[in-house]
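This report concerns only the one structure given below.
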Amino acid sequence: MKIGYPCINTSIQRTTASTFRMASYSEKRLINTIKDNLNHLNNILEYNVKNEILFFRISSDLIPFASHPLCTFEWRKFFQLEFEQIGEYIKKNKIRISMHPDQFVILNSNNNKIIENSINELKYHCRILDAMYLDGSAKIQIHVGGVYGNKQEAINRFVDTYNKKIEGSDDCSLKKRLVIENDDRLYSLEDCLYISQDTGGIPIVFDCFHHTCYNNGEQLKSALQKAMSTWNRNKDGLSIVDYSSQDLGNGTNDKIRKGKHTGKINITSFKQFLKETQGLDFDIMLEIKDKEKSALKALKTLRSKTSSPISFTNQVGL
DNA sequence: CAGAGTCAAGCTGCG
DNA sequence: CGCAGCTTGACTCTG
């Protein structure tokens, strides 16, 4: 079991800008930004290894405008050496890597142009992981998409796009990396399981918090086991679980939307989660605003659990 | 230099 | 109908 956090490290000072506006686009600016971003990624990974955080989600902003027609620069070729070095570091330290494209990636859109743009964006994510020569355990996770007034049709469109348009060639390993995640309003775990079957087994990232927002009455552990059954441990690595909890606000504002992520980890809830899922092994991505701070706390909690007389079968580093 | 306005991209539910 | 929310505010202009 590894514990990780997404995209940003709040403890590492950064002086350079990580992205820029389209109006400021130039090849020179692009190259400089990518250089800084790769350097910064390297610093984060070193921080993580030093602190034994061995799971990390790489930001989709690593290469600004990568899937935009405006960007014709061959960044993969230009930075091949840097990508390989980072990849070596990742493999040497057995770091788990994932990516999560943003909300604009919609494979079940009823507009072909949006599907095309989405696939280009997915290919961009895939090229990063391929450039680092990471295996199939380095995943790209997306949501199923919109409902458009008819869920069954929307699901069918997702399956159709996946089966016909997602490549699985050596050149682009997208199919072996792509995984779906249950969301908090539209596609439940049950919907995802249905899609997994129809796609010949796309793995499901179990988002624990989303599951509490939207479910079909399954208990946590059995729900998690169902999601885990869609993963092939040899090809896909350990199952990934997204963990967060509800933002309860500061007491003065009780209108916080259901589904909003919390600012920092609640250790009592986290312990409860570990207790309820005892006996299962998976990697946990903490979707929590204070990032590495919560990851450090969670790791400490996990360690104290594993070394306590009440033996947990979850073990760090497996 | 601080604060406000704006930023490539989609969809949904709320007020 | 505008806006917040989504994995994350950051960049850039104005005064």
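In the text below, chain A, chain B and the rest are named by the order of the sequence lines, each starting its count at 1.
The CD-P distance, from A/Gln103 to B/dA8, rounds to 14 Å in whole Å. Separating the CD atom of A/Glu292 from the P atom of C/dT8 is a distance of 14 Å, rounded to the nearest angstrom. The CD1 atom of A/Ile288 sits 16 Å away from the C1' atom of C/dC6 (whole-angstrom rounding). One can place OH of A/Tyr214 at 22 Å from P of C/dG5, the figure rounded to the nearest angstrom. A straight line from NE2 of A/His100 to P of C/dT7 spans 5 Å, rounded to a whole angstrom. Straight-line distance from the CG atom of A/Asp102 to the P atom of C/dC6: 13 Å, rounded to whole Å. Taking atom OH of A/Tyr25 as the reference point, atom C1' of B/dA9 lies 16 Å away to the nearest angstrom. Spacing between atom CG of A/Leu286 and atom P of C/dT7 amounts to 14 Å, rounded to whole angstrom units.
Nucleic acid contact class of A/Val105 (heavy atoms, under 4.0 Å, all strands): none. Nucleic acid contact class of A/Ser109 (heavy atoms, under 4.0 Å, all strands): sugar-phosphate only. A/Glu121 comes within 4.0 angstrom of a base, heavy atoms only.
Of all nucleotides listed (C/dT7, B/dA9, B/dG10), B/dG10 comes nearest to the side chain of A/Tyr148. For A/Ile114, the side-chain atoms get nearest to B/dG10 when compared with the rest of B/dG10, B/dA9, C/dT7.
Phosphate proximity of C/dT8 to A/Lys291: absent, as no side-chain N or O sits under 4.0 Å from OP1 or OP2. Note on A/His143: every side-chain N or O is 4.0 Å or more away from OP1 and OP2 of B/dT12.
Every residue two or more places apart in sequence or in another chain was checked for a salt bridge (charged side-chain N to carboxylate O under 4.0 Å, His left out) with A/Lys50, and none qualifies. Scanning for side chain to side chain donor-acceptor pair (under 3.5 Å) contacts around A/Glu276 gives A/Gln272, with sequence neighbours left out. Scored by the salt bridge (charged side-chain N to carboxylate O under 4.0 Å, His left out) test, A/Lys91 finds A/Glu88 as partners (sequence neighbours excluded). For A/Gln152, the side chain to side chain donor-acceptor pair (under 3.5 Å) partners two or more places apart in sequence, or in a different chain, are A/Asn156, A/Tyr194. Contacts of A/Phe83 classified as ring pair (Phe, Tyr, Trp, His ring centres under 6.0 Å), with partners at least two apart in sequence or in another chain: A/Trp75. Evaluation of the salt bridge (charged side-chain N to carboxylate O under 4.0 Å, His left out) rule for A/Asp183 yields no partner, not counting sequence neighbours. Residues meeting the salt bridge (charged side-chain N to carboxylate O under 4.0 Å, His left out) test with A/Lys151, sequence neighbours left out: A/Asp191.
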- Item | Chi angles and distances behind the side-chain hydrogen bond (donor to acceptor under 3.5 Å, both in side chains) call for A/Asn216, A/Ser188 | CA-CA 8 Å; A/Asn216 296 282; A/Ser188 66; 3.0 Å; yes
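Aromatic stacking of A/Phe104 on B/dG10: not satisfied for centres closer than 5.5 Å together with planes under 30 degrees.
Comparing the P positions of C/dT8 and B/dG3 gives a spacing of 25 Å, expressed to the nearest Å. Annotation: B/dC7 and C/dC3 have their C1' atoms spaced 16 Å apart (nearest Å). The P atoms of C/dA4 and B/dA4 are separated by 15 Å, rounded to the nearest whole Å. Nucleotides C/dT7 and B/dG13 have their P atoms positioned 16 Å apart, rounded to a whole Å. Between C/dC13 and B/dA8, the distance separating the two P atoms is 12 Å to the nearest Å.
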What side-chain donor-acceptor pairs closer than 3.5 Å can you find for residues 109-117 of chain A, not counting sequence neighbours?
| from | atom 1 | to | atom 2 | distance (Å) |
| --- | --- | --- | --- | --- |
| A/Ser109 | OG | A/Asn111 | N | 2.9 |
| A/Ser109 | OG | A/Asn111 | O | 3.4 |
| A/Asn111 | OD1 | A/Lys113 | N | 2.8 |

For nucleotides 12-15 of chain C, tabulate all protein N/O to nucleotide N/O atom pairs closer than 3.5 Å, reporting atom names and distance.
| from | atom 1 | to | atom 2 | distance (Å) |
| --- | --- | --- | --- | --- |
| C/dT12 | OP1 | A/Arg21 | N | 3.4 |
| C/dT12 | OP1 | A/Ser24 | OG | 2.5 |
| C/dT12 | OP2 | A/Arg29 | NH2 | 3.1 |

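We find the CD1-CG distance between A/Ile166 and A/Leu107 to be 5.0 Å, quoted to the nearest 0.5 Å.
Look at A/Lys139 and A/Glu181 and you find no salt bridge, because none of the NZ, NE, NH1 or NH2 atoms lies under 4.0 Å from a carboxylate O.
Residue pairs meeting the ring pair (Phe, Tyr, Trp, His ring centres under 6.0 Å) criterion with at least one partner in residues 44-71 of chain A, sequence neighbours excluded, are A/Tyr5-A/Phe56, A/Phe20-A/Phe65, A/Tyr25-A/Phe65.
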Note, DNA chain B 5' to 3' with Watson-Crick or G-U pairs under 3.5 Å encoded as ( ), [ ], | and . gives |||||||..||||||
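Listed in residue order, the members of residues 60-71 of chain A having a heavy atom less than 4.0 Å from DNA chain C come to none.
In this structure, a donor-acceptor pair under 3.5 Å is absent between the side chains of A/Lys271 and A/Thr301.
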